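Note that the structure is predicted; figures quoted are calculated from it, not measured. Note that these values count all heavy atoms, side chains included, but never hydrogens, waters or copies made by symmetry.
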Number of protein chains: 2
Amino acid sequence: MPTDKNIDLTISDGHASAPPKAAKKILDVAYDLFYRRGIRAIGVDEIVKRAGVTKPSLYRSFPSKDELAASYLRQYDLEYWERFDEAVAAHPGDPRAQIKAFLTRIGKRTQVADYRGCGMTNAAVEYPDHNHPARVVSEANKQELRRRLRGMAVAMGAQDPDTLGDGLLLLIEGAYISGQLFGLGGPAQAVARNADLLIEASLKK
Amino acid sequence: MPTDKNIDLTISDGHASAPPKAAKKILDVAYDLFYRRGIRAIGVDEIVKRAGVTKPSLYRSFPSKDELAASYLRQYDLEYWERFDEAVAAHPGDPRAQIKAFLTRIGKRTQVADYRGCGMTNAAVEYPDHNHPARVVSEANKQELRRRLRGMAVAMGAQDPDTLGDGLLLLIEGAYISGQLFGLGGPAQAVARNADLLIEASLKK
DNA sequence: TGACAATGTTACCGATCGGTACGTATACAT
DNA sequence: ATGTATACGTACCGATCGGTAACATTGTCA
């Protein structure tokens, strides 16, 4: 796939009332459907129908359904780090508070009916093949998450920062999954509390 | 589904050299393929082909593919609690050691190439609909896991047993998912260590 | 006005999906 | 040996899958 038809997804083009591009409508609808119901569960016919476009339009903007799924995850990735950076920016120089803010937010998000967890995690479960375009995006996102958490564990002064960083990642992934498994009142609401306990137990005394 | 065609899956029938029943071959193959590659990813044609049987044979023993998936998970459930009970039996009266043994085993299992996590968790991700036969089995399994972990947290003398039990569940689910996301050297290898830290921090002092 | 790019329309492709109608073989009891 | 029930195979179903060919329509800018 040397072409990059699906790179340009600019929201606006300067002029005020430009009609929304087909590619954007398609990606928006695919985002919603892929996330809520799963990538394999959604056919391209349903996407184009809900987007009010036709199938050739989809395939003019995206080389394949798999690549559309990868585009969905790239968009997800962007918004993911936005949320992460918000929590970080809210507590400058205080990684422990940053983690707590991020996890509190996750814990809250999991406590809504029909919560569907992390789109990245779900995609990796749907596509075990490491070469699948969607999975490539997913794995990169998780590697980056691990990198950041370990870095914050260092900044917190953990005795064994890699272990603490990984422990936090396990709690986070557990919250994503438990959120969709248990629904309201599930274990995911305890993620921030447990993370703080784990951090406390992992600091140099 | 008032019929129960798929209930009887007895291994042996008393006589010595009875030929393996078609239903068992089908379930064995389905177990392997569903677990390794995902339920949605596997068609019934591939199952019957690999099992050396034909499609009508499958549908004589199982009312539908969805019910076959549920049967796969019921088998998974049996073996899951076998492993769990082994860890428990290895350390009578010592819930902390029981947890450690169980998690050490999970941590090890995650450190093999192409590890695919927990079949229950994966099925729930593949089928968001709470009424899907496979998901019903999956949710029941997770509820039971939560119940047991919370009970063990009580037995350990935790300050807040529900929080600790849920924290352990989050770590376990995180290990399942991270194991398949990161492969060798991933965060899942730190699950037992982090659980022990969390337990230590959660006990009444 | 003319040219271009984007989108729409319709119809279609081969492959695979889950599932079944129906005839045939095999085993066992009488 | 024959009847009967159970297990199995051949062949097929309609629906949907992801993807495409060919052409008409539109809006924009020069």
Side-chain angles (χ1 to χ4, degrees), chain A residues 1 3-10 12-30 33-34 37-72 126-127 129 132-134, chain B residues 1 3-6 8-10 13-15 17-27 29-30 33-34 37-72 126-127 129 132-134:
Chain A
M1 46 203 154
T3 68
D4 44 10
K5 330 185 200 178
N6 56 336
I7 290 298
D8 184 15
L9 291 168
T10 47
S12 151
D13 54 346
H15 292 83
S17 63
K21 305 287 183 193
K24 182 180 185 312
K25 286 193 293 184
I26 291 166
L27 187 57
D28 285 351
V29 169
L33 292 176
F34 283 163
R37 304 189 14 215
I39 299 171
R40 293 199 115 113
I42 297 296
V44 291
D45 290 284
E46 185 164 358
I47 294 174
V48 299
K49 191 176 151 198
R50 305 264 275 245
V53 301
T54 56
K55 226 176 336 176
S57 272
L58 192 159
Y59 284 98
R60 272 181 221 116
S61 298
F62 304 91
S64 66
K65 184 201 174 184
D66 288 345
E67 280 301 328
L68 174 59
S71 291
Y72 143 58
E126 287 201 88
Y127 294 99
D129 178 3
H132 191 284
Chain B
M1 42 191 168
T3 69
D4 44 9
K5 328 186 201 177
N6 58 335
D8 184 16
L9 291 168
T10 47
D13 54 345
H15 292 82
S17 62
K21 304 287 184 194
K24 182 179 186 311
K25 285 195 292 183
I26 291 167
L27 187 57
V29 169
L33 291 177
F34 283 164
R37 301 184 21 210
I39 299 171
R40 291 200 117 113
I42 298 296
V44 290
D45 290 284
E46 186 163 358
I47 294 173
V48 299
K49 192 175 151 200
R50 305 265 273 244
V53 301
T54 57
K55 230 186 313 188
S57 274
L58 192 158
Y59 284 97
R60 265 175 232 121
S61 298
F62 305 92
S64 66
K65 184 201 174 184
D66 288 345
E67 280 300 328
L68 173 59
S71 291
Y72 144 58
E126 287 200 88
Y127 294 100
D129 178 4
H132 191 284

Could you write out each protein N or O paired with an N or O of nucleotides 22-26 of chain D at a distance under 3.5 Å?
none

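The side chain of Y59(B) approaches dG18(C) more closely than any other nucleotide in the set dG18(C), dG19(D), dG8(C). If you check dG8(C), dC8(D), dG19(C) against the side chain of S57(A), the one that comes closest is dG8(C).
Across all their heavy atoms, E126(A) and A41(A) have their closest contact at OE1-N, 4.4 Å.
Residues I47(B) and I26(B) are in side-chain contact: their nearest non-hydrogen atoms beyond the backbone lie under 4.5 Å apart. Counting only heavy atoms from C-beta outward, the side chains of V29(B) and V53(B) never approach each other to under 4.5 Å. Side-chain contact between V48(A) and S57(A) is absent, with no heavy atoms from C-beta onward closer than 4.5 Å.
We find that CZ of R40(B) is positioned 15 Å from P of dT16(D), with the value rounded to whole Å. The distance between atom CG of L68(A) and atom P of dC17(D), rounded to the nearest whole Å, is 15 Å. In this structure, NZ of K21(A) is placed 10 Å from C1' of dT7(C), rounded to the nearest angstrom. Put simply, CZ on F62(A) is 14 Å from C1' on dT7(C), counting in whole angstrom units. Computed from coordinates, the K25(A) NZ to dA6(C) C1' distance equals 12 Å when rounded to whole Å. In this structure, NZ of K65(A) is placed 18 Å from C1' of dT20(D), rounded to the nearest angstrom. What separates NE2 of H132(A) from P of dG18(D) is a distance of 11 Å, to the nearest Å.
D45(A) is linked by a side chain to side chain donor-acceptor pair (under 3.5 Å) to K55(A), counting only residues two or more places apart in sequence or in another chain. Taking D66(A) as the reference, H132(A) meet the side chain to side chain donor-acceptor pair (under 3.5 Å) condition, with sequence neighbours excluded. Applying the side chain to side chain contact (heavy atoms under 4.5 Å, CB included) rule to A69(A) yields the partners F34(A), I39(A), A134(A); only residues at least two apart in sequence or on another chain are considered.
Regarding contacts with the backbone of dG19(D), every side-chain N or O of K55(A) stays at 4.0 angstrom or more from both OP1 and OP2.
Taken to the nearest 0.5 Å, the NZ atom of K65(B) stands 10.5 Å off from the CG atom of L58(B). Expressed to the nearest 0.5 Å, how far CZ of R37(B) lies from CG of L33(B) amounts to 6.0 Å.
Non-hydrogen atoms lying under 4.0 Å from DNA chain C are contributed by G52(A), V53(A), T54(A), all within residues 43-54 of chain A.
No contact: I26(A) has no heavy atom under 4.0 Å from any strand.
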